[in-house]
Structure formats: C-alpha cells, structure tokens
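Each remark here refers to the structure printed beneath this line.
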Number of protein chains: 2
Amino acid sequence: MKAAASTRKPNMREAILAAAEELFSTYGFNAVSVRDIAQAAGANPGSVTYHFRTKDGLLLEIYRRHCGPMNRRRSELLAAARRVRDLQDRLEAIVRAYVLPAFTSGSDLAGGGTRFTRLRAIMSAEGNEVVRKIIAQTFDDTSHAFIDAIHESLPHIPRTDLVWRSHFLLGALYYTLVTPERVSRLSRGSADGTDAGHAIEELVRATVAALQAAPLDEGAPRKIPAANPGRVVT
Amino acid sequence: MKAAASTRKPNMREAILAAAEELFSTYGFNAVSVRDIAQAAGANPGSVTYHFRTKDGLLLEIYRRHCGPMNRRRSELLAAARRVRDLQDRLEAIVRAYVLPAFTSGSDLAGGGTRFTRLRAIMSAEGNEVVRKIIAQTFDDTSHAFIDAIHESLPHIPRTDLVWRSHFLLGALYYTLVTPERVSRLSRGSADGTDAGHAIEELVRATVAALQAAPLDEGAPRKIPAANPGRVVT
DNA sequence: ACCATATTTGTACTATCGTCCAAATAATCC
DNA sequence: GGATTATTTGGACGATAGTACAAATATGGT
C-alpha cells in the first residue's frame, strides 16, 4: 500500500449514497453540503454532480433505494399478521409489522433501516418539498393498508380515531430514532434509548394499548377542557 | 397614511422575533436566512445583528422568551392535576397538563404555543447544538416532574416504562404539530389535523391508555421477535 | 494496443450565507 | 434645542453554497 489516498473505491456511487444517507439522517438536509458528503465518501465534489446531477437528486435516489424493499417487507409482515387467529395477538402482530421494518432494513447493512427512518423523520420535520410528494405517494398506501388491517381487528372503533392513533405511533417512532439519548437521560440510565429491540417492544406495547382505548365519542362523556385552544392557524 | 413603507414599527425587536419564530418553526433553522427573517419583519438585515448579535443568539432569545411562561403554566396545571381525587381522572388530568401548554401559550397571541412547540420539534429533529443544552436544562426538570406524578398514579408500573411512554407522547405531540395535514389526508377528510382541540383529546385518550398498559416484564411472557435488530450503532 | 466510454479531478462561476461597520436617522434627556 | 444615546440603514467583507465544465484518468471491449 503506497498511501491512504491511493486506495480505490470499488463503487464510488454507493459510497456517496451511504455517506449522504448518514450525514442527512444525522444533521438534516440543509445542514449538510455536497462537499461534506464528497469528503465523507472520499470522493470529489464533482463526482456527486456527475452521478446525481443535483443535491435533490441525491436525496431522491436515497429514497428510491429504500422505499421498495421496506414497503415490500412491510406488506409481507402485514400479510402474515393478518393470518394470526387470536384477535389480540393479531393486533399486536400488525403493529409489529409496521414498526419492525423501520428499525431493520431487509438487505442493507447494520443500522440501515434505522438510518433511513431517521432520515424520513428529519425530512418530515424540515418540511422538505422534494420529499413530500414521495411520502404521500409511496407511504400513504402502506399506511392505509395498516389502518385497514387495524380496523378489522378493532371494528368497533371509528376509523378516524385509528388514523390519529397510528399517526401518534409514527410520531413516537420517529422521535425515538431522532433523540434516543433523551430516554437514557430521563430514565437515569435504567433504560437505553439506542436499544432498538427494547424500543420496539415498548412501542408495540404502548401502541396496542392506545389503539384499544375507547374512542372519544362513546364512553363516559368527558368535561370540555378549561382552556379553549380553538383552531390552529396555519 | 403616506406610503406602506413609511409605517414605522413600534417595536422592531419584537417583529423580528415573531418573524423568526414563524419561519424557523415552518422551514427549520438552517433553511431560513437572516435576510429572510429581516424581510418578513420589514426590517433591515443589519437590525437583526444589532439586536441579537448572531443567528444563534436570535434562536436563543426565542427560547428564553417562551420557556419560562410555558413551564410555569405546566407547573400550575400539574399541581392542580395532582389534587384530583379519582386516580383515573387524575392520570388524565396530568397528561392534559403536559399537553395543553404545548398547544396554547399563556401570554402570546393565537397559535403562539403551537408555533413554539413546532419549533422545538424541528430543532430536536435537526439536532441543533445550541438548543440541545437548553432542552436538557429547561425541559428535563419538567419532564421528571410529570413522570413522577404519573408514577404516583401508576405505582405498579416501573418508571422505565413510564419514561418510554411519555417519550412516545412527546414524539406524537411533535409529529402532530409538524405534519397535521397527514391526518387529514389519511382520514380522507373525516378528521382535521389542524384542529388543536380535537388533537389534544385524541392524544390524551391514547396516551392514558398507553400509560396504563401492562409493563413489559409482567403479563404473559412474549415471544422474542423473529428478526434480531440488535443494537443501533450511533 | 487501441479506441470508445465511463468516471474522476480540479477549478471556476454565480449566488447567497452570517456578520460587520460607518453613516444616517430617530428617540431621549437636560 | 442641542447633546447624547439608541436604532436603522445600506453596503461591504470573506466564506461557503450548488452546480457546471473541460481536462485528466480509468475502464472495458475487440
């Protein structure tokens, strides 16, 4: 070996994608420059332009790379979950089918699924316009399928409530991946926010309970909260 | 009135703060430039530097402005909730005391609380270093107080699980404020994601149920999930 | 070995970034 | 009303952003 700089990357395109994925999912899209990505991948900034034309194009390619396998995996797990006999077990299996692929990507290396989900979390927070369409197109179908499956297991709960609750699930999932150290901090070390296995179990348990809760309409009529927050202006 | 440009702002500093708050909470910290803020506030870019020295200083001042009143409000509501006799009602009141101030700021104008919470959501996603310390210092005390109160209402559930579940609550809360249109979309119009009042009720109901769920330790021993996601490398 | 193609490199361009500063203007106090 | 302070203005600075492009180099087929 002559020098470190002389080692040749077998596939620079992949290296750039991996570096971009890691940086975007950690610092957000806007905080990372093309030059940062190139340096992390051991490539020239011009190479990024050559392979992906624009920075947006690079982000798009990352999504293309992951969406297919992840949604395929989700469909498989969902189909298997639907076949579970016991209703309670089936509901839990459905939730697990939604959560698991977010943590473990089928084909990619360790932490691949986590990284991409963290990326999605940051992108939805930043309100990235390029990604918004992909989200709506690619993920809404999956979300609808899951909500339908959940509704079959809990037919007495209005779909609207189930939409809200699975929305909360996704928010909790995102937040756990984005700030795992907060759990460690608040639990004073008795829990590890980066322990994906445990996070999944906690998330599934909590979500199943939330989904089974009585809907807002029925049950004992509740008092209207003291303060009236009105409608959010946006 | 002579011309629109001649109207003088009574307090330019406040106008800049308001504009920055709105823009940061919508597009994130990195996507918004000092010039964007100045223009939205009808001010000169130099004015921003004059009042807040740096862009970070501006963000810091926004936090300083909101943290005090919001946490004070939370403390009051939490104290009131602790006095509720019925255990089930008390738990619900505690959760409501945590959620309500995030939607309605005590002193500010309409949507002030929502805007600041949305800002916090985006900042935690972007991993802003300037803000991380404030979060840990200012909000962890409040979070601990709430977890303690919840633990009093649910003494049979280990604190660790309650930390996880209140973490999920915050994630769900953030996500609802960041992408409210997703709820409207997925529910096909039967729910309005921007309806803060309804969002609060759904969130409280779901969270109370999640908090009351059996902890992971006890209950029927569960199967270990097929795939072993291992530990997230970060 | 040679050619055609694919990729990498280095550099340059324009735009915009955060921040600074001196001059202009408004507000305040004696 | 004049002096003093506070604020606003417009322009400038160096740094860095995304992207483009020609030259250099590597690759693969024949």
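Naming convention: chains lettered A, B, ... in sequence-line order (proteins, then strands); numbering from 1 in each chain. Owing to the predicted nature of the structure, the values given are computational and were not obtained by experimental measurement.
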Ignoring backbone atoms, test whether [X] places a side-chain nitrogen or oxygen under 4.0 Å from the OP1 or OP2 oxygen of [N].
| X | N | value |
| --- | --- | --- |
| A:Y50 | C:dT7 | yes |
| A:H51 | C:dT8 | yes |
| A:T49 | D:dT19 | no |
| A:N44 | C:dG10 | yes |

Nearest whole angstrom, please: distance from the [atom2] of [N] to the [atom1] of [X].
| X | N | atom1 | atom2 | result |
| --- | --- | --- | --- | --- |
| B:L59 | C:dT19 | CG | P | 12 Å |
| A:I37 | D:dG18 | CD1 | C1' | 11 Å |
| B:N11 | D:dA6 | CG | P | 15 Å |
| B:I16 | D:dA6 | CD1 | C1' | 14 Å |
| A:N30 | C:dT16 | CG | P | 15 Å |
| B:D36 | D:dA17 | CG | C1' | 15 Å |
| A:L23 | D:dG18 | CG | C1' | 16 Å |
| B:Q39 | D:dT9 | CD | P | 13 Å |

Students often get this wrong, so: under 4.0 angstrom with heavy atoms, is [X] touching a base, only sugar-phosphate, or nothing?
| X | value |
| --- | --- |
| A:R13 | nothing |
| A:S47 | base |
| A:V48 | nothing |

5'-most by nearest nucleotide on DNA chain D - B:P45 or A:R53 = B:P45
request  = Classify the ring geometry between A:H66 and A:F116 as parallel (under 30°), tilted (30 to 60°) or perpendicular (over 60°).
outcome  = parallel
note = For B:V178 and B:A121, the nearest pair of non-hydrogen atoms, with its separation, is CG2-CB, 3.6 Å
query = Should B:R205 and B:E202 count as an ion pair when the cut-off is N to O under 4.0 Å?
reply = no
inquiry  = Strictly below 4.0 Å, N to O, side chains only: are A:R65 and A:E14 in salt-bridge contact?
reply    =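 Yes, this pair counts.
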task = Look at the side chain of B:K55 and decide which nucleotide, out of C:dT19, D:dA20, D:dA17, has an atom nearest to it.
result = C:dT19
request  = Could you check which of C:dC20, C:dC17, D:dT19 has an atom nearest any side-chain atom of B:R35?
outcome  = C:dC17
ask   = Does A:R118 use its side chain to pair, donor to acceptor, with the backbone of A:S25 at less than 3.5 Å?
value =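 Indeed, once roles are kept as given, a pair shorter than 3.5 Å links the two residues.
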